[in-house]
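Reviewing the structure listed below.
Reckoned from all heavy atoms, side chains included, excluding hydrogens, waters and symmetry mates. Lettering follows sequence order; numbering is per chain, from 1.
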Protein chains: 2
Amino acid sequence: MQIDEVDQRIIASLVADARSSYAEIGSRVSLSAPAVKRRVDRLRAAGVIRGFTTVIDPAAVGWNTEAFVELFCTGRTTPTQITVATRRHPEVVAAYTVSGEADALVHLRAADIAHLEQALERLRAEPFVTSSRSMIVLSRLVDSPTVVPAPS
Amino acid sequence: MQIDEVDQRIIASLVADARSSYAEIGSRVSLSAPAVKRRVDRLRAAGVIRGFTTVIDPAAVGWNTEAFVELFCTGRTTPTQITVATRRHPEVVAAYTVSGEADALVHLRAADIAHLEQALERLRAEPFVTSSRSMIVLSRLVDSPTVVPAPS
DNA sequence: CGTGAAATTCTTTTATG
DNA sequence: CATAAAAGAATTTCACG
């Protein structure tokens, strides 16, 4: 899909504050509110804008422990298998297939260390997992939300 | 801060759609719009709600490559040093200090492999980095936004 | 593509239990 | 803490250039 500079600025504005009004965005990009709405609708329909969400402090709602787990899998494990398996675990925030030593990297979030240990055990019990290596997050140093510059 | 079940449902609703109206949220949690607004204001003031943002398809705006880099640092590297250093790199989406072999884990996003390689070189050139291990993301299997259940 | 205007709906304040 | 009512904005549709 074609995205012009105005779209980019609208996106940047919505990333910074998803609840700002179309009129407010319009004043920043020199467009009327209906024009902004039409562009946003188009960007949503095209899948550029996936949705609007709220950033919550995980600790405030009881998630105090995070970890990244490298999974080593059996030879003929498919990405789909890993997907369906990891999705079953509510502690899985994200999962990726990766190049390097490991086959997949899983981002976990748990209430506490005990909960994390439990989730880890469950994950490692998946039949295609041959071994794993965990990194428990000690502190989050940087956490940028979805950024939207225009890479040259 | 104290969060009751109604707050939790309001949060869940806002995480699912940050642009839904207070009236709509209110109808889901059996509350009037002003009551919802007051709770949201309180949750924002308390830092439970950090903000409202928009989820963008990275590829649609030119970010096609992702990687996780484990950093191994010199003995007396502080988290603050890693923070300020990684923040300087626009490709850094997130950074964590971690337990395990590595000292830090850095999540990078770049336009393409060439850009990623460049960013990696820059990162590895930081004086406190003794070595690194990269995992290039082949595919994103799972990507849940900030979830908000009530961990028992 | 864009704007302006009109109708509807939401937000937000204030008063009140 | 909640609701209700009222004023002010915003959303959304529509006609039009």
Side-chain angles (χ1 to χ4, degrees), chain A residues 1-63 145-146 148-152, chain B residues 1-63 145-146 148-152:
Chain A
M1 186 208 172
Q2 184 77 338
I3 297 173
D4 65 16
E5 324 80 56
V6 177
D7 290 328
Q8 298 234 11
R9 291 172 62 200
I10 291 172
I11 290 170
S13 180
L14 282 171
V15 167
D17 180 8
R19 279 185 80 86
S20 61
S21 71
Y22 292 131
E24 194 179 339
I25 299 165
S27 76
R28 279 209 278 275
V29 303
S30 307
L31 232 53
S32 67
V36 173
K37 182 192 180 329
R38 272 217 292 238
R39 280 172 180 262
V40 172
D41 287 347
R42 185 173 48 89
L43 290 165
R44 262 171 77 83
V48 175
I49 293 177
R50 295 230 174 109
F52 305 104
T53 192
T54 300
V55 184
I56 303 297
D57 176 13
V61 292
W63 299 102
T146 354
V148 184
S152 46
Chain B
M1 186 210 174
Q2 185 75 342
I3 298 172
D4 65 16
E5 322 82 55
V6 177
D7 290 328
Q8 298 235 10
R9 292 172 61 201
I10 291 172
I11 290 170
S13 180
L14 282 171
V15 167
D17 181 8
R19 279 185 81 87
S20 61
S21 71
Y22 292 131
E24 193 180 341
I25 299 166
S27 76
R28 279 209 279 275
V29 303
S30 306
L31 232 56
S32 67
V36 173
K37 182 195 181 330
R38 249 172 320 140
R39 280 173 181 260
V40 171
D41 287 346
R42 186 173 47 88
L43 290 166
R44 262 171 77 84
V48 175
I49 292 176
R50 295 229 175 112
F52 305 103
T53 191
T54 300
V55 184
I56 303 297
D57 175 12
V61 292
W63 298 102
T146 352
V148 183
S152 50

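- The structure places CZ of Arg38(B) at 9.5 Å from CG of Asp41(B), a figure rounded to the nearest 0.5 Å.
- Checked against salt bridge (Lys or Arg N to Asp or Glu O under 4.0 Å), Arg28(B) has the following partners two or more places apart in sequence or in another chain: Glu24(B).
- Atom CD1 of residue Ile25(B) and atom CZ of residue Arg39(B) lie 12.0 Å apart, to the nearest 0.5 angstrom.
- Listed by first residue number, the stems of DNA chain C with at least three Watson-Crick or G-U pairs below 3.5 Å are C:2-17 with D:1-16.
- Summarising the geometry, atom OH belonging to Tyr22(A) is positioned 7.5 Å from atom CG belonging to Leu14(A); distances are rounded to the nearest 0.5 Å.
- The two residues Thr53(B) and Val15(A) come nearest to each other via the heavy atoms OG1-O, 2.6 Å.
- To the nearest 0.5 Å, the span separating OG1 on Thr54(B) from CZ on Arg19(B) amounts to 7.5 Å.
- Within residues 16-43 of chain A, the residues having any heavy atom under 4.0 Å from DNA chain C are, by residue number, Arg19(A), Leu31(A), Ser32(A), Pro34(A), Ala35(A), Arg38(A), Arg39(A).
- Residue Arg44(A) contributes atom CZ, which lies 15 Å from atom C1' of dT12(D) at whole-angstrom precision.
- Expressed to the nearest 0.5 Å, how far CZ of Arg9(B) lies from CG of Asp4(B) amounts to 10.5 Å.
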*Going through the checks in order, is the side chain to side chain contact (heavy atoms under 4.5 Å, CB included) test met by Val55(B) and Ile49(A)?*
CA-CA 6 Å; Val55(B) 184; Ile49(A) 293 177; over 6 Å; no
